[in-house]
Amino acid sequence: MSVIRIDTQPLAGQKPGTSGLRKTVAEFSRPHYLENFVQSIFNALGDCSGKSLVVGGDGRYYNRHAAQVILRMAAANGCSRVLVGQGALLSTPAASCIIRKYGLDGGIVLSASHNPGGPEGDFGIKFNGANGGPAPESVTAAIFAATARIDHYLTLDTADIDLDQPGAVTLGSTAIEIIDPVADYADLMASLFDFPKIASLLGHRRFHMCFDAMHAITGPYALEILERRLGAAAGTVINAVPLEDFGGGHPDPNLAHAGELVARMNGDEPLAFGAASDGDGDRNMVLGSGVFINPCDSLAILAANASVIPAYAAGLAGIARSMPTSRAADRVAAELGIPLFETPTGWKFFGNLMDAGRITLCGEESFGTGSSHIREKDGLWAVLFWLNLIAGLSKPARTILREHWHRYGRDYFSRHDYEAVAEDRATALMDALRARLPGLAGTCLAGHTVAAADDFSYTDPVDGTVSAGQGLRILFEDGARIVFRLSGTGTAGATLRVYYDSYQRDPALLELAPQRALATLFAAADELAGITRLLGRSQPDVIT
Ligand code: G1P
Ligand code: ZN
């Protein structure tokens with residue numbers, strides 16, 4: 001079999017966003033589109049000879065085809081060893097785990113995360129480096145630069161290989177290993193948590209839980225870990241079979257999309273604990289009986305109680321959260337006397353802090369929580385952390401949540417998304433608001449006085465890289481905050497995200513509905529940015 005060189009030319013629209021290159025399947029199916037981007041990854045890496053990679057994805061439509069293309073191109077570019085999940089499957093956290101465990105040079109993960117799948121849906125491709133984490137901006141910029149220069153790509157003149165049989169095959173002179181996508185990840189989880197203690201909780205006749213895999217990648221992982229290794233009752237994991245179109249659903253674990261889980265939580269036999277993950281297994285939503293645990297609170301609670309967990313019993317180095325995430329974790333970090341880092345949106349900013357040993361836990365309001373065990377957010381890890389806390393503290397999730405609010409105060413939080421907005425309108429709104437920031441201090445909006453306002457810029461404390469323009473922040477004198485930013489993961493028009501949070505210490509006011517507690521801030525945001533006026537939208541499309 002011979003290496004063949006295919007002439008091509010640069011294609012527009014290959015700039016990686018918040019999390020790799022995410023486009024519609026239709027766009028990815030254009031001639032050379034996938035190949036150009038993959039070759040650009042290899043070109044950005046430099047000489048690939050002798051390099052080792054992992055390849056796999058969330059099982060969505062186009063995943064299998066893309067995996068075959070990438071394997072041929074990796075071989076043609078001289079990679080010596082490529083591990084690939086059986087069936088071309090790998091969750092994002094499992095890919096990170098495998099890169100680290102086997103000392104690989106990186107990985108190519110195929111996923112558009114929580115975006116819908118299928119021929120009419122989205123596809124995506126991300127490159128992770130040798131630390132197991134998403135490529136930092138310097139690398140994504142180099143990949144993008146390579147997409148603008150590309151004139152050919154390399155592939156092999158060979159048929160698809162059978163990815164459904166575990167084992168080893170060679171492609172050209174590259175060793176391809178088709179591995180169990182679940183085992184290494186499940187072993188890692190068993191090394192972090194007190195599995196016997198969680199097993200006894202799950203075996204208790206009064207503790208019933210449900211995990212909704214949303215027909216996405218975590219089905220096989222959750223079945224192995226929760227049902228097989230920890231002995232949860234059969235049927236604990238629902239929607240466990242990964243489907244190319246996620247069963248027509250939207251694999252985003254929030255109250256709007258995980259409807260079946262929410263219905264079971266409130267059904268005839270209410271459950272003590274519920275959880276869901278997303279398309280590629282890195283997000284999590286956690287529910288206690290009668291309560292939704294906001295991801296911002298979840299990060300704070302995991303940090304405050306980490307000493308219960310074997311892997312974290314020796315203490316945390318520090319905590320990081322993305323800027324729009326509420327400041328609940330800051331209060332815990334202050335009490336623990338450990339540093340708190342505020343980073344831009346996106347997981348790629350946490351990796352440097354972890355590699356430098358400066359943080360142990362991190363999280364984002366967008367249902368992402370993780371630790372230094374890998375370099376990606378990790379949905380099932382968060383679920384196991386919660387189960388270990390419930391078992392270790394002998395308290396239900398709702399009690400843990402309430403006690404946390406009583407001790408630290410509550411950071412009310414909500415995000416409002418305005419989807420598929422015309423890009424020029426969204427940009428005009430942001431530009432107009434940005435221009436007003438310098439004069440905002442002292443202004444009163446719906447009863448809240450502005451203390452400070454800025455366009456968030458982050459200087460990486462490890463390597464000094466500056467990331468500017470990361471979201472417009474309005475900070476109020478009463479401690480409340482509004483953040484405006486445009487999504488970097490959407491594939492249709494622009495998505496405006498508006499994040500709200502306010503702090504409450506009064507024990508009598510800790511149990512309000514967030515939409516009620518934050519209502520005056522919604523009015524302030526509209527008054528300030530003119531959402532209704534400029535976008536013609538009086539209501540957000542999604543509220544989380
Ligand atoms: C969204 C989330 C962000 C997350 C990213 C990838 O990005 O807001 O926190 O890291 O998905 O899962 P956005 O669309 O806002 O750029
Ligand atoms: Zn995801």
Side-chain angles (χ1 to χ4, degrees), residues 15-23 57-60 90-96 109-117 122-126 128 133-135 137 140 213-214 216-218 221 242 246 250-254 257 276-285 294-296 299 320-326 342-351 362-370 374-382 413-421 426 430 456 467 469-472 483-499 541-542 544:
K15 187 173 170 50
T18 312
S19 187
L21 183 68
R22 202 174 287 182
K23 299 283 171 187
D58 64 12
R60 68 178 59 226
L90 271 180
S91 73
T92 289
S96 186
V109 184
L110 308 170
S111 169
S113 188
H114 51 286
N115 293 23
D122 289 338
F123 189 71
I125 176 163
K126 316 184 268 189
N128 284 26
E137 286 203 328
T140 54
M214 304 185 86
I217 191 67
T218 46
Y221 294 85
F246 307 119
H250 195 132
D252 197 359
N254 59 39
H257 294 303
S277 191
D278 72 329
D280 62 331
D282 57 358
R283 294 187 174 201
N284 74 90
M285 176 175 71
N294 184 284
C296 309
L299 173 63
R321 62 164 172 81
S322 65
M323 182 273 283
T325 302
S326 91
E342 184 175 43
T343 59
T345 295
W347 211 257
K348 58 186 170 222
F349 298 97
F350 296 135
C362 55
E364 295 193 272
E365 51 68 39
S366 53
F367 299 83
T369 328
I374 54 170
R375 293 293 180 272
E376 287 279 6
K377 55 188 176 245
D378 191 341
L380 266 167
W381 167 89
F413 177 88
S414 183
R415 186 177 99 186
H416 289 190
D417 292 340
Y418 299 83
E419 296 179 337
V421 173
M430 292 294 283
F456 181 60
S467 303
Q470 297 293 327
L472 309 181
V483 174
F484 296 82
R485 64 179 282 281
L486 297 181
S487 159
T489 57
T491 55
T495 295
L496 173 69
R497 304 201 195 283
V498 191
Y499 309 78
D541 298 290
V542 179
T544 47

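Order of listing sets the numbers, starting from 1, for every ligand and every atom in it.
In summary, the atoms of ligand 1 found under 4.0 Å from a heavy atom of R415, numbered by their order in the structure, are 8 (O). Each of the following atoms of ligand 1 lies closer than 4.0 Å to a heavy atom of G346: 10 (O). Atoms of ligand 1 found under 4.0 Å from any heavy atom of G488 (numbered from 1 in listed order, with element): 13 (P), 14 (O), 16 (O). Near R497, meaning under 4.0 Å from any of its heavy atoms, are these atoms of ligand 1: 8 (O), 13 (P), 14 (O), 15 (O). If you number the atoms of ligand 1 from 1 as listed, the ones under 4.0 Å from a heavy atom of T345 come out as 3 (C), 8 (O), 9 (O).
No side-chain donor-acceptor contact under 3.5 Å links D417 to the backbone of E419. Judged by distance alone, the side chain of E365 and the main-chain N or O of S326 form no donor-acceptor pair under 3.5 Å. Side chain of T218 to main chain of Y221: no donor-acceptor pair is present (N/O by atom type, distance under 3.5 Å, no hydrogens or angles). When atom types are taken as modelled, the side chain of S322 and the backbone of P344 share no donor-acceptor pair closer than 3.5 angstrom.
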Could you give me the CA-CA distance, side-chain angles and deciding distance for F246 and R60, then say whether side chain to side chain contact (heavy atoms under 4.5 Å, CB included) is met?
CA-CA 7 Å; F246 307 119; R60 68 178 59 226; 3.5 Å; yes
Pair R485, M323 - check side chain to side chain contact (heavy atoms under 4.5 Å, CB included), show working.
CA-CA 11 Å; R485 64 179 282 281; M323 182 273 283; 5.6 Å; no
Could you go through the side chain to side chain contact (heavy atoms under 4.5 Å, CB included) check for L496 and M430 one step at a time?
CA-CA 9 Å; L496 173 69; M430 292 294 283; 4.0 Å; yes
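Scanning all protein heavy atoms for the shortest distance to atom 11 (O) of ligand 1 gives R283 NH2, 3.1 Å. For atom 7 (O) of ligand 1, the closest non-hydrogen atom on the protein side is T489 CG2, 3.5 Å. Of the protein's non-hydrogen atoms, K377 NZ, 2.9 Å is the one closest to atom 12 (O) of ligand 1. The protein non-hydrogen atom at the shortest distance from atom 4 (C) of ligand 1 is E364 OE1, 3.5 Å. Of the protein's non-hydrogen atoms, S366 OG, 2.6 Å is the one closest to atom 9 (O) of ligand 1.
Relative ring orientation between F413 and Y499 is described as tilted, the plane-to-plane angle lying within the 30° to 60° band.
If you check the side chains of T369 and N284, you find a donor sitting under 3.5 Å from an acceptor. Between T92 and K126, the side chains place a donor N or O and an acceptor N or O closer than 3.5 Å (distance only, hydrogens not considered).
Counting heavy atoms closer than 4.0 Å to ligand 1, residue S487 contributes atoms from both its backbone and its side chain.
When only interatomic distances are considered, the shortest N/O to N/O separation between R22 and ligand 1 does not fall below 3.5 Å.
Remark: R321 engages E342 in a salt bridge, criterion side-chain N to carboxylate O under 4.0 Å. Looking at K377 and D278, no side-chain N of the basic residue comes within less than 4.0 Å of a carboxylate O on the acidic one, giving no salt bridge.
Taking a 4.0 Å cut-off on heavy atoms, M323 fails to register as neighbouring ligand 1.
Protein N/O/S atoms closer to the Zn ion (ligand 2) than 2.8 Å number 4 in this structure.
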